[in-house]
2 protein chains.
Amino acid sequence: MRIGELAKLSNTPTRSLRYYEEQGLIVPRRLENGYREYDPYLIDRAIQIRGLIDSGVPTKIIALILPCLDKPRGIVPDDIQPELLTILRDERDKMTQRIDFLTRNRDSIATYIEAADAALARRTAATVA
Amino acid sequence: MRIGELAKLSNTPTRSLRYYEEQGLIVPRRLENGYREYDPYLIDRAIQIRGLIDSGVPTKIIALILPCLDKPRGIVPDDIQPELLTILRDERDKMTQRIDFLTRNRDSIATYIEAADAALARRTAATVA
DNA sequence: CTTGACCTTCACACTAGTGTCAACCATTTA
DNA sequence: TAAATGGTTGACACTAGTGTGAAGGTCAAG
């Protein structure tokens, strides 16, 4: 598929897709005319990238971890460098921290919303009565 | 405490603290000399803000939700506007999405790390033997 | 009273990611 | 063949958040 279709299917502006390519995240092959040609499995990839960026993971890091996530479970190349492993551990921990932060704050918001809903319901009932 | 101490305790550059003030997130009172004076409870607040920003929540949104998180559990002002409630619901859902994204990817990374560790251990054992 | 540490504001610069526009090429369709 | 649609690169602009430095005020210690 070409860039426009991928943009629709992954709900990602073409501008961003080209930017991701510039960052080495999604590098499509080219047709004779120079058009970018994307394989269908890249839809998920684009969505994944968007989600990660939106969650505060910079493209440089995404570029590092994507190849690892691509491999089938438990497959590790022989030439794995301990330096990359350190980065991965670090990023894993950062993500865990983010998850904790987001979870705590989301739960607080959720609680607030429920309280507000309850208050609103009470007020409505009172008005009706 | 003054801005330097808060910076150390919350591990946040003074530049960012002033920026947060500009965005209305933490507005300290001022001493006679013009120095910013922070209450100790703002340490947690600064950390919280940093965590949210790092997790992809923009300061405009943080400014909206912070007041809600400040209230003791279940306390909702009488004049709650349904418009704010809509924003809160939206943000709650976005955060849930982020949490899911991060969790999935973190788990994948963790799995990869474990596999790499195992592979490394095997190789070390083989080398020794 | 001067030095040093800390504070003030202001401003310029930088990265990341995206929007947008210009100028042009390709493909389809009326 | 001309218009519409969608693709290409390149450039410029913008927001968010932070770094950094200038020019100056405050205060405690030597």
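By convention in this document, chain letters (A, B, ...) are assigned in the order of the sequence lines, proteins followed by strands, and residues within each chain are numbered from 1. Since this is a predicted model, take the numbers as computed values, not measurements.
Residue B/N33 has no polar side-chain atom (N or O) positioned under 4.0 Å from OP1 or OP2 of C/dT8. The shortest distance between the side-chain N/O atoms of A/K60 and the OP1/OP2 oxygens of C/dT15 is not below 4.0 Å. For the pair B/Y19 and D/dG17, the criterion of a side-chain N or O lying under 4.0 Å from OP1 or OP2 is met. The phosphate of D/dT18 (OP1 or OP2) has a side-chain N or O of B/S16 nearer than 4.0 angstrom. OP1 or OP2 of C/dT18 sits under 4.0 Å from a side-chain N or O of A/Y20.
Atom-to-atom, NZ of B/K8 to P of C/dC7 comes out at 8 Å; the value is rounded to the nearest Å. A/N11 has its CG atom 12 Å from the P atom of C/dT18, to the nearest Å. Taking atom CZ on B/R15 and atom C1' on D/dG17, their separation rounds to 8 Å, with Å as the unit. Across the protein-nucleic acid pair, B/R2 atom CZ and D/dG25 atom P stand 18 Å apart, rounded to whole Å. Atom pair B/I3:CD1 and C/dA5:P shows a separation of 19 Å (rounding to whole Å applied). Atom C1' of nucleotide C/dA16 and atom CG of A/D54 are separated by 14 Å, given to the nearest angstrom. The distance between atom CG of B/L17 and atom P of C/dT8, rounded to the nearest whole Å, is 10 Å. Residue B/E22 contributes atom CD, which lies 10 Å from atom P of C/dC10 at whole-angstrom precision.
At the heavy-atom level, A/T59 lies under 4.0 Å from the strands shown only through sugar-phosphate atoms.
None of B/R92, B/E91, B/Q48 except one satisfies the side chain to side chain donor-acceptor pair (under 3.5 Å) rule with A/N105; the exception is B/Q48.
For the pair B/R45 and B/Y41, the cation does not sit on the ring face, since its NZ or CZ is not both under 6.0 Å from the ring centre and inside 45° of the axis.
With the nearest nucleotide of DNA chain D identified for both A/E37 and B/I62, A/E37 has the one nearer the 5' end. The residue among A/P58 and B/E21 whose nearest nucleotide of DNA chain C lies closer to the 5′ end is B/E21.
Distances were taken from every side-chain heavy atom of B/Y35 (C-beta onward) to each of D/dA16, C/dT8, C/dG17; the shortest belongs to C/dT8. In this structure, the nucleotide among D/dT8, C/dT9, D/dG19 sitting nearest to the side chain of B/P13 is D/dG19.
Looking at B/Q97 and B/D100, their side chains never come closer than 4.5 Å, going by heavy atoms from C-beta outward.
Between the B/R36 side chain and the B/R29 main chain, no donor and acceptor come within less than 3.5 Å of each other.
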| task | Carefully, step by step, assess A/R106 and B/T96 under the rule side-chain hydrogen bond (donor to acceptor under 3.5 Å, both in side chains). | result | CA-CA 7 Å; A/R106 183 206 48 186; B/T96 298; 3.2 Å; yes
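Below the 3.5 angstrom threshold, one finds no donor paired with an acceptor across the side chain of A/R18 and the base of D/dT9.
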